[in-house]
Structures are given as C-alpha cells and as structure tokens.
Amino acid sequence: MERDHRIAETLTAAARQLSARLATLSFAPPVSHTYDPLTYAREPHESYLRRYAAGRRRVVFLGMNPGPFGMVQCGVPFGEIAAVRDWLGIECAVRKPALENPWRPIEGFACTRSEVSGRRLWGLFRERFGTAECFFREHFVANYCPLAFFERGRNLTPDKLPAVEAAALQAACDAHLKTLVTALQPEWVIGVGAFAETRARDALAGTTVRVGRVLHPSPASPAANRGWAKAASTQLRTLGVWD
C-alpha cells in the first residue's frame, strides 16, 4: 500500500484543528450532551489516520457523524468495535470525555454493543476486498462531522440542528473536508446517505471531485434492512466507482 506519511501528518493536524474549532461552539436544548471523539479517543483515531491515510486515495466514503456505539466509542468512522479491532487491527486506549453522558457512557473497546451501520459498511468492504490493506489502497472512510449529539439517551443527528448552530458547524466541517480532499486527492467522494452527499456537493463545488451517494446502512432504513450490501454495491457499479 502506498505510503506518504506527510499526508497522514496533514490530516492529523487538520483533525486537531477541527476539534479545537468545534470546541468553541455551543448547542442549545434539546441537546444535553456533545461528544467529540477526536479528543478523548484521539489515540485510535490518529492510529487510523497514520495507518490508512498515508497516501492518495481514489474514493473517499463520507459519513454524517459518529454513531453512539461506533466512532463515539473508538474514534474510527463507522467504528463497529469488532471490525476496528479485528479487521482494521486497531485497539488503543480511550479516555473519558470531560463531560460524560450518563445515558451513553464511554466504554471504549470494551463496548459490547454493535454499531449496525459500521458492521454493514466494513462487512461489505471485507467481503469484497478481503483485507483492510487491499481496501485502503484506493479507498478511505471519513465522517463529515466528528461530533455526536444527544438528548439524554437519544441520538440527535446534525441535520436536525437549528440553522444558526448548523451554519457554524458546517463552516468548520466544510473547511476540514476541503483539507482532507486536497490531501488525499480522490476522484470520488461518496456520501453515505443524503446528508453527507449534500454537504460534500456544497463544500466541494467548483472542484473536479465527483460526488455520489450510496444508501445509508442504518437499521432505521427499511431499504437498508432489505439488503444494504447488495444495494450499495449496485449503486457504486452504476456510478462507475466499482466495476
């Protein structure tokens, strides 16, 4: 796999800059707690960047934001624990956030709940490519927004934020996405779901990057529950991303 550690270093610095910028934002009720895994799960997140973002990638898959039992726990996008530990080969210490949500405690790699979206996403890549190294030769997986929002135990997605709060969040996340794309130089950015596709189109307007979309693998989606891997693979072949 192509290695250029300068790219990983650029993205590590960009993630830290994004985290610092987002720390200045505040979110009104019904948001009761906000998690930024780029801080308390920095070690596994940066391990992921060093191992898998050290080179140009033809395709970047872009998710919305961390799931409560995935990236929230381990710092890796769509980070279903078993996939991150056993397929990506990453297992690092995860600290506690400054303000822990008692309804959604941080257990790190000890979390026994499965993030269904991540299990489906990484499961497809494992089935098609076999090894993580083979997948990451041309692909990378990122999240548009690194923050997770909660109303006590309920997960709140960033598309539900008030316009004023969303504008400040999107300004920071758009800038970070542009940095990521400049570093990885992908031909394609594939939004995992409609929100990520829309944000990518807006942020990357005027560039040569092609933007597409696959169905989100969330268990809340009836279409995804009818066979997400087959549906996503068909969409990627139709776009010309996969053959």
Review point. Ion pair present between Arg210 and Glu187, side-chain N to carboxylate O less than 4.0 angstrom?
Key: yes
Review point. Do the charged groups of Asp202 and Lys178 touch, with an N to O distance under 4.0 Å?
Key: no
Check your understanding: Does any non-hydrogen side-chain atom of Leu38 lie less than 4.5 Å from one of Leu147?
Key -> no
Exercise for review: Kindly indicate whether the side chain of His176, heavy atoms from C-beta on, has any atom under 4.5 Å from the side chain of Tyr144.
Suggested key: no
Check your understanding: Is the count of non-hydrogen atoms from other residues, nucleotides or ligands lying under 6.0 Å from Arg154 atom CZ greater than 12?
Key -> no
Check your understanding: Would you find more than 12 non-hydrogen atoms of other residues, nucleotides or ligands less than 6.0 Å from Arg152 atom CZ?
Key -> no
**Study point:** More than 12 heavy atoms of other groups within 6.0 Å of Gln185 CD
**Key:** yes
**Study point:** Salt bridge present between Glu46 and Arg16 (N-O < 4.0 angstrom)
**Key:** yes
Practice item. Consider only side-chain heavy atoms of I, L, V, M, F, W and Y, link residues closer than 4.5 Å, and tell whether Met71 and Leu124 are in one cluster. Key: no
Side-chain donor-acceptor distances from residues 211-220 under 3.5 Å, at least two apart:
| unit_1 | atom_1 | unit_2 | atom_2 | d |
| --- | --- | --- | --- | --- |
| Arg213 | NH1 | Glu197 | OE1 | 3.4 |
| His216 | ND1 | Ser218 | N | 3.0 |
| Ser218 | OG | Ala220 | N | 3.0 |

Check your understanding: Going through the checks in order, is the side-chain contact (heavy atoms from CB on, under 4.5 Å) test met by Asn143 and Leu62?
Key -> CA-CA 5 Å; Asn143 265 334; Leu62 186 71; 5.8 Å; no
Check your understanding: Does a donor on one side chain sit under 3.5 Å from an acceptor on the other, for His139 and Trp188?
Key -> no
Practice item. Establish, yes or no, whether a centroid distance under 6.0 Å links the rings of Tyr35 and Tyr40. Key: yes
Review point. If two hydrophobic side chains count as joined below 4.5 Å and joins carry through other members, does Phe61 share a cluster with Phe136?
Key: yes
Review point. Pick from Phe140, Phe78, Phe135: which one makes a ring pair (Phe, Tyr, Trp, His ring centres under 6.0 Å) with Phe125?
Key: Phe135
Point to revise | Carboxylate-amine/guanidinium contact Asp243 Arg237, below 4.0 Å | key: no
Exercise for review: For the residue pair Ser114 and Arg119, confirm or rule out a side-chain donor-acceptor distance under 3.5 Å.
Suggested key: yes
